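Have a look at the structure below before the remarks.
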Amino acid sequence: MDFSWIHDPFYQSYFWQGFVNTLMLVAISGFFGFILAVLNALAQVKGPRPLAWLAKGYTTVIRGTPLLVQLFFFYDGIGRLLPMIDGIRQSIIWPLLTNAFFFGCLTFTVSVGAYAGEVIRGAMASVPKRELETAKAFGMSSWKILWRIWLPRAIQICLPTLTGEIILLLKSVPLVSTIAVVDLLRAANIVRSETFLVYEPLLLVAGIYVALTVVLTWVMHTIEKNFPGAKPQKSALFSRL
Amino acid sequence: MGQRTSAAPKKGKKTLHGYQSEGLADWAGPLLQGTLTTLEIALAAYAIGILLGLMGALAKLGKVRVLAVIASAYSTIVRAVPELLLIIILFYAGTQALTALMNALGTDGRTEVSGFVAAIAVLAFVQGAYMTEVFRGAILAIPKGQLEAADAYGMTAFMKFRRITVPAMLPNALSGMSNLWLILIKDTALVSVVGFEELFFTAQQAAASTNKYFTFYAIAGVTYLMLTMASNAVFSKAEKLARHGQARS
């Protein structure tokens with residue numbers, strides 16, 4: 001085992017860049033993916049028929065195909081067709097459309113929207129009917145019920161599952177190394193090709209991922225514990241009875 | 001666009017891998033072959049993964065301390081490291097180790113492990129870690145009394161395992177197992193990164209040599225989708241069968 005290359009500032013900068021890109025990918029696609037997931041779940045649970053079907057179809061297709069294939073489909077498949085659109089090269093978004101990092105974010109967002117959407121849809125279905133009826137009895141409008149009761153309760157129910165989904169998102173980040181985004185795996189591959197070390201850089205990346213998984217799990221558990229109404233408030237309940 | 005290129009010779013030139021680079025029809029055969037390869041490595045890895053998972057779960061639940069520690073280290077570490085990273089590490093390490101092993105056992109000392117075997121071994125190793133957790137949970141969900149009854153009847157450990165534990169935990173394990181099968185089918189695409197020729201690798205070659213990226217990636221996607229949807233149908237049938245003797249909740 002030879003880890004002397006770690007002291008080289010040149011390799012350090014690659015690993016740092018890969019580390020930052022990894023976190024940014026998780027943060028950006030986690031954020032937008034979650035919004036997409038809520039919209040997806042809403043469309044399936046509450047939307048008009050055609051919209052519900054569309055959302056169901058989107059979820060089935062994304063969940064039924066490999067993420068790697070989706071990544072190549074967006075980056076190479078659609079990315080190569082884009083220049084054929086007239087005037088797109090002059091538009092402001094063109095720099096974005098030639099950026100591999102952007103396609104990574106796009107693919108992961110679409111993926112999270114489908115996987116987390118399915119989780120949230122299931123959780124929305126398992127919110128006790130009585131609570132929704134109570135809200136209705138209080139005279140809440142259906143949007144208010146959705147916003148104040150249904151969605152928060154659903155997310156509270158499925159938060160542990162969503163934690164798992166975020167870990168899965170983190171673990172799928174190395175895929176972007178195949179479309180020339182500098183993530184940790186690509187940084188390791190650069191070191192490997194220059195130092196001819198087969199395992200050491202990869203083992204370092206594996207170690208970083210284990211550490212990141214532990215930290216992320218801890219962060220999510222803290223959020224779960226502090227989520228409104230997460231603790232079973234037995235004492236308060238019994239004192240009122 | 002199409003008009004201008006039609007002046008070029010009708011027959012596409014030979015590509016690196018010897019296929020004609022003309023159009024969709026020429027790639028139908030290779031793509032079908034790739035699909036079969038994908039199915040083969042998935043099925044083999046699944047079978048080995050189930051065995052690894054059973055062993056892991058028994059080791060984790062068993063009384064032998066060393067085995068329990070090894071099994072939980074295996075399932076924890078493998079599940080914390082990204083699949084692609086594991087596949088790359090194991091592909092190199094596994095090929096080396098298997099080659100060394102076969103050389104040690106083998107006759108002439110120049111045995112090379114094929115990509116096919118390496119792909120199956122790597123996917124099975126990853127699958128086994130997840131399977132360990134599925135089986136562990138399913139075995140824990142068996143009512144204690146059933147296992148104690150088996151002991152009371154004087155069954156040997158193996159007989160208890162074969163006649164009681166496996167049939168009783170199977171209904172609990174099936175939904176997890178079906179999830180893992182779907183994940184496995186999708187994970188087979190990852191071995192294309194280390195250059196193994198399965199469905200997605202073939203689709204990449206087809207896309208690159210015909211310059212029809214959109215079409216071939218869409219075809220690959222649809223093929224995977226058909227595989228996963230067909231699997232879903234099979235598993236929901238299997239779950240109904242396995243739950244045959246269970247009380248309905």
Side-chain angles (χ1 to χ4, degrees), chain A residues 22 57 60-82 84 111 115 164 167-179 183-186 188-189 192 197-217, chain B residues 1 38 42 73 76-93 95-96 126 130 179 182-194 198-201 203-204 207-208 211-232:
Chain A
T22 299
T60 310
V61 168
I62 296 299
R63 284 174 17 116
T65 50
L67 190 54
L68 187 66
V69 177
Q70 293 164 19
L71 195 61
F72 275 69
F73 181 75
F74 280 118
Y75 181 64
D76 270 344
I78 293 181
R80 279 174 203 257
L81 292 182
L82 285 175
M84 294 181 187
S111 169
Y115 281 95
I167 305 276
L168 285 181
L169 170 64
L170 172 71
K171 291 202 302 169
S172 48
V173 168
L175 294 182
V176 296
S177 67
T178 56
I179 59 164
D183 76 317
L184 287 167
L185 178 56
R186 192 158 187 93
N189 282 338
R192 287 171 68 208
L197 294 165
V198 184
Y199 300 115
E200 288 88 340
L202 292 175
L203 289 178
L204 177 67
V205 176
I208 295 174
Y209 267 102
V210 173
L212 275 178
T213 308
V214 171
V215 172
L216 198 56
T217 313
Chain B
M1 229 187 189
T38 287
T76 310
I77 293 174
V78 169
R79 290 184 311 139
V81 177
E83 276 89 345
L84 179 61
L85 191 58
L86 266 178
I87 283 171
I88 294 176
I89 293 176
L90 292 174
F91 206 83
Y92 294 118
T95 315
Q96 264 183 12
V126 177
Y130 288 86
N179 266 338
L182 296 178
I183 291 175
L184 178 60
I185 288 197
K186 291 182 272 172
D187 271 359
T188 55
L190 296 181
V191 292
S192 70
V193 175
V194 283
E198 37 68 76
L199 171 57
F200 188 50
F201 191 84
Q204 278 174 288
N211 214 15
K212 288 181 181 134
Y213 289 86
F214 185 90
T215 316
F216 279 106
Y217 292 156
I219 290 174
V222 169
T223 312
Y224 282 109
L225 190 62
M226 290 195 302
L227 291 180
T228 48
M229 286 172 85
S231 312
N232 264 334

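Note that the structure is a prediction, hence the values are computed from the model and not measured.
- Nearest heavy atom pair, residue A/Val210 against residue B/Ala80, reads CG2-CB, 4.1 Å.
- By the 4.5 Å heavy-atom criterion applied to side chains, A/Phe74 and B/Tyr217 are not counted as neighbours.
- With sequence neighbours excluded, the residues that form a salt bridge (Lys or Arg N to Asp or Glu O under 4.0 Å) with A/Arg80 are A/Asp76.
- Looking at B/Ala218, both its backbone and its side chain come within 4.5 Å of chain A, counting heavy atoms on both sides.
- Nearest heavy-atom pair, B/Leu84 versus A/Ser177, reported as atom, atom and distance to 0.1 Å: CD2-OG, 4.5 Å.
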For a side-chain contact (heavy atoms from CB on, under 4.5 Å) check, start with the C-alpha distance between B/Ile88 and A/Arg192, then their side-chain angles and the critical distance, and finish with the verdict. CA-CA 12 Å; B/Ile88 294 176; A/Arg192 287 171 68 208; 4.0 Å; yes

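- A/Pro66 and B/Lys186 get closest at one heavy-atom pair: CB-O, 3.5 Å.
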Given the rule in the side-chain contact (heavy atoms from CB on, under 4.5 Å) test, do A/Leu175 and B/Leu190 qualify, once you have shown the distances and angles that lead to the verdict? CA-CA 9 Å; A/Leu175 294 182; B/Leu190 296 181; 3.3 Å; yes

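- Of all heavy-atom pairs spanning B/Leu225 and A/Thr60, the tightest one is CD1-O, 3.5 Å.
- Residue A/Val205 touches chain B through both its backbone and its side chain, counting heavy-atom pairs closer than 4.5 Å.
- The side-chain contact (heavy atoms from CB on, under 4.5 Å) test applied to A/Leu203 returns A/Met1, A/Tyr199, B/Ile89, not counting sequence neighbours.
- One N or O on the side chain of A/Lys171 and one on the backbone of B/Arg79 form a donor-acceptor pair closer than 3.5 Å.
- The parts of A/Thr65 that come within reach of chain B are both its backbone and its side chain, each placing non-hydrogen atoms under 4.5 angstrom from that chain.
- For A/Leu185, the part sitting under 4.5 Å from any heavy atom of chain B is the side chain, from C-beta outward, and nothing else.
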Audit row: A/Phe73, B/Tyr213, side-chain contact (heavy atoms from CB on, under 4.5 Å) steps and yes/no: CA-CA 7 Å; A/Phe73 181 75; B/Tyr213 289 86; over 6 Å; no

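- For A/Leu81, the part lying under 4.5 angstrom from a heavy atom of chain B is the side chain only.
- There is no contact between B/Thr215 and chain A, counting heavy-atom distances below 4.5 Å.
- Residue B/Val81 touches chain A through both its backbone and its side chain, counting heavy-atom pairs closer than 4.5 Å.
- Around atom CD1 of B/Ile77, no more than 12 heavy atoms belonging to other residues, nucleotides or ligands sit under 6.0 Å away.
- The shortest distance between side-chain heavy atoms of A/Phe72 and B/Phe200 falls below 4.5 Å.
- Side-chain atoms of A/Leu68 and B/Val193, non-hydrogen and from C-beta on, do get closer than 4.5 Å to each other.
- Residue A/Val69 comes nearest to B/Ala220 through the heavy atom pair CG1-CB, 4.4 Å, listed as atom of the first residue, atom of the second, then distance.
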